[in-house]
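Report on one structure; see the data block that follows.
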Amino acid sequence: MSNLKEKFFEKSSKLKAEVKSELKEHGGKIVGDVKLSQVFGGMRGVPSLVWETSKLDSEEGIRFRGLSIPELRKQLPTRDGCTEPLPEALFWLMLVGEVPSQEEVNWLSDEWERRSAIPEHTFKVLEALPKDAHPMTQFVMAIASMNSESEFVKRYAAGMSKNDYWDPTYEDAMNLIAKLPAVAAYIYRRNFHNGDHIKADKSLDWAGNYAHMLGIDDPDFKSLMRLYLTIHADHEGGNASAHTAHLIGSTLSDVYLSYSGAMDSLAGPLHGLANQEVIKFIFEMIEKSGGDELTNDQVKKFVEDTLASGRVIPGYGHAVLRQPDPRFTAQRLFAEEYIKDSNIVKLVWQLFEVVPPVLQGLGKVKNPWPNVDAHSGAILVHYGLKEYQYYTVLFGVSRALGVLASACWSRAMGFPLERPKSVNTDWMRSIIKSA
Ligand code: CMX
């Protein structure tokens with residue numbers, strides 16, 4: 001057994017036993033009230049999920065096993081002279097709660113490379129789809145098609161004990177994460193580079209190799225990908241994609257199917273697809289305003305016109321956050337260091353000045369600040385990745401790290417089938433009457 005798997009087994013078995021006895025004694029403790037407005041309002045703030053890998057604070061933003069994004073950038077191992085953290089290191093941290101050593105991270109890069117082969121039929125599934133099928137449609141189908149490889153499915157069919165569920169889930173999670181960059185790069189090259197595919201460079205790390213297979217070998221772009229794939233990796237359990245994976249996984253569906261479902265959720269414009277919507281919005285603004293050097297008044301007019309047409313401002317607002325998203329700030333710092341002269345990046349910064357007061361003025365938007373999706377596209381455009389229909393796939397490659405580390409925990413802890421109570425409007429009226 002590898003060091004990582006062994007550590008995970010030790011830690012999860014210990015926590016499982018502790019939680020079992022704590023729940024035995026304290027399981028009846030009341031943890032909060034639920035308001036009717038929450039039942040009808042997308043369950044905001046209702047505590048109903050357990051997620052070990054990260055925790056979101058509305059003011060401070062995300063912490064991965066207690067570490068903020070600036071702390072990750074300082075503490076996680078790096079490589080090749082790049083100062084950005086390696087996503088491998090974040091996965092290790094999320095899975096076992098420890099910052100890995102350089103040697104452990106190098107082991108994980110090699111381990112994912114070793115597991116990265118993609119079944120031949122997955123390419124056939126992709127090739128059967130029209131070239132104009134949205135990249136997220138292709139990503140979802142490719143991931144689902146790889147469930148032929150699931151160790152969990154094989155062992156369940158052979159009659160596995162509940163106590164062993166964690167083991168093939170760990171194997172599936174590691175295998176799926178290892179395969180995602182090559183699948184995602186295949187979709188990109190198929191759609192936008194005439195199917196001129198690029199072989200993996202086995203000497204590179206997970207993110208660096210993904211950049212290479214996309215066809216962008218600039219070392220700065222590799223640094224960006226390491227940062228990008230780190231900061232998008234997890235946002236606690238209640239966000240739509242993570243929650244979808246958790247729900248599907250709770251039926252004992254394997255991680256290929258549950259992660260494919262997660263990607264269906266990520267593909268909505270209120271969630272991960274917002275990254276493509278942001279750059280589309282910026283391109284429209286440039287086209288309508290007649291150039292990419294605009295005054296704040298021109299930017300404001302475009303924002304107000306968008307709102308007046310009944311649309312949202314993509315990249316702004318959040319269901320939990322009430323401050324600028326630290327993932328936005330991390331990308332801004334990157335852009336300030338590497339590409340501060342890009343006009344599109346400058347437009348992102350102008351939007352940051354203009355949008356919050358306009359949204360505040362509407363009097364209903366709970367969070368007028370930028371989220372993670374407000375910045376990413378402008379940086380990608382700078383490095384030549386202009387095909388914005390593809391952007392959510394990048395997000396999806398990253399999100400696997402947190403969601404699949406959490407899937408391991410869910411299996412190890414033995415979490416049950418998820419089954420919340422639904423109600424109808426008659427129930428709501430009876431509650432109002434009885435009050
Ligand atoms: N532009 C215009 N209106 C907005 C807005 C925005 N960016 N954000 C919120 N609002 C509106 C809502 O549509 C809602 O209006 P109605 O009452 O007329 O329906 C009102 O303000 C209250 O919404 P809220 O409680 O502040 O926000 P929610 O928790 O309901 O929704 C989110 C959160 C992200 C869906 C919303 O802010 C939004 O639509 N943002 C734009 C899309 C986006 O960037 N999504 C990406 C989020 C990050 C991610 O998951 O990747």
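Just so you know, these numbers use all the heavy atoms, side chains as well, and skip hydrogens, waters and symmetry mates. Note that ligands are numbered from 1 as they come in the structure, with each ligand's atoms numbered from 1 the same way.
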Polar contact flag, side-chain donor to acceptor under 3.5 angstrom, E88-S109
yes
Can you find a heavy atom in the side chain of F328 that is under 4.5 Å from one in the side chain of V348?
yes
Does NZ in K301 sit with more than 12 non-hydrogen atoms of other residues, nucleotides or ligands closer than 6.0 Å?
no
Check for me whether the distance between the ring centres of H243 and H271 falls short of 6.0 Å.
no
Test item: side-chain donor near acceptor, S150 and D172, under 3.5 Å:
yes
Is there a donor in the side chain of E151 and an acceptor in the side chain of N175, or the other way round, less than 3.5 Å apart?
no
Extract all N/O-N/O pairs under 3.5 Å that connect ligand 1 to the protein, and present each with both atom names and the distance rounded to 0.1 Å.
residue  : atom   : partner : partner atom : Å
ligand 1 : 1 (N)  : I313    : N            : 2.9
ligand 1 : 7 (N)  : I313    : O            : 2.9
ligand 1 : 7 (N)  : Y316    : O            : 2.7
ligand 1 : 15 (O) : K364    : NZ           : 3.4
ligand 1 : 18 (O) : K364    : NZ           : 2.7
ligand 1 : 25 (O) : K366    : NZ           : 2.8
ligand 1 : 26 (O) : K366    : N            : 2.8
ligand 1 : 29 (O) : R44     : NE           : 3.2
ligand 1 : 29 (O) : R44     : NH2          : 3.0
ligand 1 : 30 (O) : R44     : NH2          : 3.3
ligand 1 : 40 (N) : Y316    : O            : 2.8
ligand 1 : 44 (O) : G315    : N            : 2.7
ligand 1 : 44 (O) : N371    : ND2          : 3.0
ligand 1 : 45 (N) : L270    : O            : 2.9
ligand 1 : 50 (O) : H271    : ND1          : 2.7
ligand 1 : 51 (O) : H271    : O            : 3.3
ligand 1 : 51 (O) : D373    : OD2          : 2.7

